[in-house]
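I have placed the structure first, in the form of structure tokens, so that the comments after it can refer back to it.
So that the names make sense, note that chain A is the first sequence line, chain B the second, and so on, each numbered from 1.
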2 protein chains.
Amino acid sequence: MRNICLTIAYDGTHYAGWQVQRNARTIQGEIEKVLKRIYKKKVKLTGASRTDAGVHAEAQIANFKIESGIPPNKLQLALNSSLPDDISITSAKKVPLKFHAQFDAQKKLYRYSILNSRVDNPFLRRFYHKVPYKLDMPLMRKEAKAFKGNRDFKSFQAKNAFLERKSTIRKIERVAVRRTGDFVYIDIEADGFLRNMARNIVGTLIEIGRGYLPRGSASEILKRLDRRKAGPTAPAKGLVLIRVQY
Amino acid sequence: MRNICLTIAYDGTHYAGWQVQRNARTIQGEIEKVLKRIYKKKVKLTGASRTDAGVHAEAQIANFKIESGIPPNKLQLALNSSLPDDISITSAKKVPLKFHAQFDAQKKLYRYSILNSRVDNPFLRRFYHKVPYKLDMPLMRKEAKAFKGNRDFKSFQAKNAFLERKSTIRKIERVAVRRTGDFVYIDIEADGFLRNMARNIVGTLIEIGRGYLPRGSASEILKRLDRRKAGPTAPAKGLVLIRVQY
């Protein structure tokens with residue numbers, strides 16, 4: 001038995017997210033379909049992060065176990081020659097049998113891209129959210145600090161999260177807000193993310209940056225532990241899973 | 001009468017090129033359609049460069065004359081709100097009546113992007129040509145020098161160029177071949193380009209770089225003045241019109 005670890009880049013525009021779903025095209029589903037063809041049997045892929053519909057990845061990590069001697073570099077070529085061109089296996093390697101892409105993940109880094117302009121960029125249009133209003137960058141940077149550390153992110157979980165029995169506490173190690181030309185990037189690195197958490201944090205920071213929510217809102221909303229207090233969920237297209245650390 | 005100059009960025013993937021054609025979607029056609037709606041009359045757009053089907057632009061320049069008082073910034077917004085999302089007007093301004101986007105162009109800069117890897121990049125896949133073979137960069141750089149200066153580019157014009165009565169002499173001011181990670185960029189700046197000239201130069205440089213054409217081929221092929229001697233035309237998707245200088 002071998003444990004194979006894949007690094008996967010994808011443009012999530014045309015997918016219903018990572019996880020296999022009935023009647024929907026998903027990244028996991030597309031890769032498992034090709035693996036089944038290669039190994040002539042069903043293969044179950046475990047992904048580090050269940051990215052939502054429309055969210056992208058530069059380096060999603062996934063593993064699967066198989067009894068087969070196909071060398072990982074040959075497997076990578078076989079996968080890439082059959083996968084659609086918006087999914088790419090950027091590496092394939094043998095890892096210890098005990099490695100688990102989801103449970104062993106220590107940190108994940110997501111990047112949200114905002115185009116702060118009235119004019120779109122046709123080359124990158126699938127990968128940013130356009131915000132045509134003036135954004136107060138120093139204020140956004142200051143407010144972003146409220147999210148750092150061990151916090152209860154109940155106010156920032158998905159609206160439709162059915163009564164969670166699990167903890168809504170997560171540890172954010174880094175939130176960085178930076179500007180390059182008309183692009184504003186928000187990097188969030190945490191030990192884990194609740195459903196929609198990254199996009200709800202970004203949505204709230206945008207509302208603060210454009211003056212719709214007052215100074216101090218970030219920490220205030222955290223304290224309320226109520227999703228209805230936070231800003232709207234920023235669109236999926238701006239979000240990219242950048243890396244997973246083990 | 002006013003003369004309006006537009007700067008236009010586009011992803012050319014889904015277009016039959018810049019120039020209006022019967023029964024085909026073109027960039028010029030899409031913009032003229034919207035201009036007609038805005039001004040309630042037919043408007044003729046003059047583009048600096050007739051980019052081919054599938055070729056992109058970061059800054060195509062085009063002008064048109066109109067009797068109308070719509071301020072250029074309002075026109076830009078109106079165009080962008082109606083144009084498809086793979087075309088974007090990045091600036092609109094009033095220019096002197098005598099300005100002609102095509103005839104007044106002094107230099108044009110095209111950039112060709114090669115992904116020199118066996119693995120695709122799902123984010124940029126519409127904007128590069130993948131070359132999985134090893135490329136000899138120092139050799140490509142050296143050979144590229146042969147194209148500099150006033151040269152007869154007859155060997156590098158389109159195969160189907162019907163008996164040109166016009167001159168096939170052009171002046172290339174700069175050819176730069178550089179590598180950034182797995183990407184290889186070839187910049188060509190010239191006073192003008194014959195049909196397919198940039199892509200034929202790139203196709204030839206790739207053949208030299210991978211060892212299919214011998215050292216010295218670039219200047220040899222130029223001398224022959226025969227299209228059949230040059231390398232294949234590199235695919236349109238890798239080419240971007242970067243800027244036009246007046």
>> Under 4.5 Å from any heavy atom of chain A, what part of B:Asn80 do you find: side chain, backbone, both or neither?
In response: side chain
> Checking heavy atoms, do the side chain of B:Gln76, its backbone, both or neither come under 4.5 Å from chain A?
Replying inline: side chain
> For B:Ile89, is it the side chain, the backbone, both, or neither that has a heavy atom closer than 4.5 Å to a heavy atom of chain A?
Replying inline: backbone
> Taking everything shown except B:Tyr246 itself, do over 12 heavy atoms lie less than 6.0 Å from its OH?
Replying inline: yes
>> Which atoms of B:Phe123 are under 4.5 Å from chain A, going by heavy atoms: the side chain, the backbone, both sets, or neither?
In response: both
> Would you say B:Ser88's side chain and A:Pro122's backbone share a donor-acceptor pair under 3.5 angstrom?
Replying inline: no
> Which pair of heavy atoms, one from A:Arg125 and one from B:Asp85, lies closest together, and at what distance?
Replying inline: CD-O, 2.9 Å
>> For B:Arg210, I'd like to know if atom CZ has over 12 heavy atoms of other residues, nucleotides or ligands within 6.0 Å.
In response: yes
>> Are more than 12 heavy atoms, taken from residues, nucleotides or ligands other than B:Lys65, located less than 6.0 Å from that residue's NZ atom?
In response: yes
> When only pairs under 4.5 Å are counted, which of A:Ser91, A:Ala57, A:Pro84 shares the most heavy-atom pairs with chain B?
Replying inline: A:Ala57
>> Working to the nearest 0.5 angstrom, can you tell me the gap between A:Glu58 CD and B:Asn121 CG?
In response: 8.0 Å
> With a cut-off of 6.0 Å (strictly less than), are more than 12 heavy atoms of other residues, nucleotides or ligands near CZ of B:Arg141?
Replying inline: yes
> Looking at A:Thr90, A:Leu77, A:Leu124, which one has more heavy-atom pairs under 4.5 Å with chain B than the rest?
Replying inline: A:Leu77
>> Using 0.5 Å steps for rounding, measure from the CZ atom of B:Arg126 to the CG atom of A:Asp11.
In response: 8.0 Å
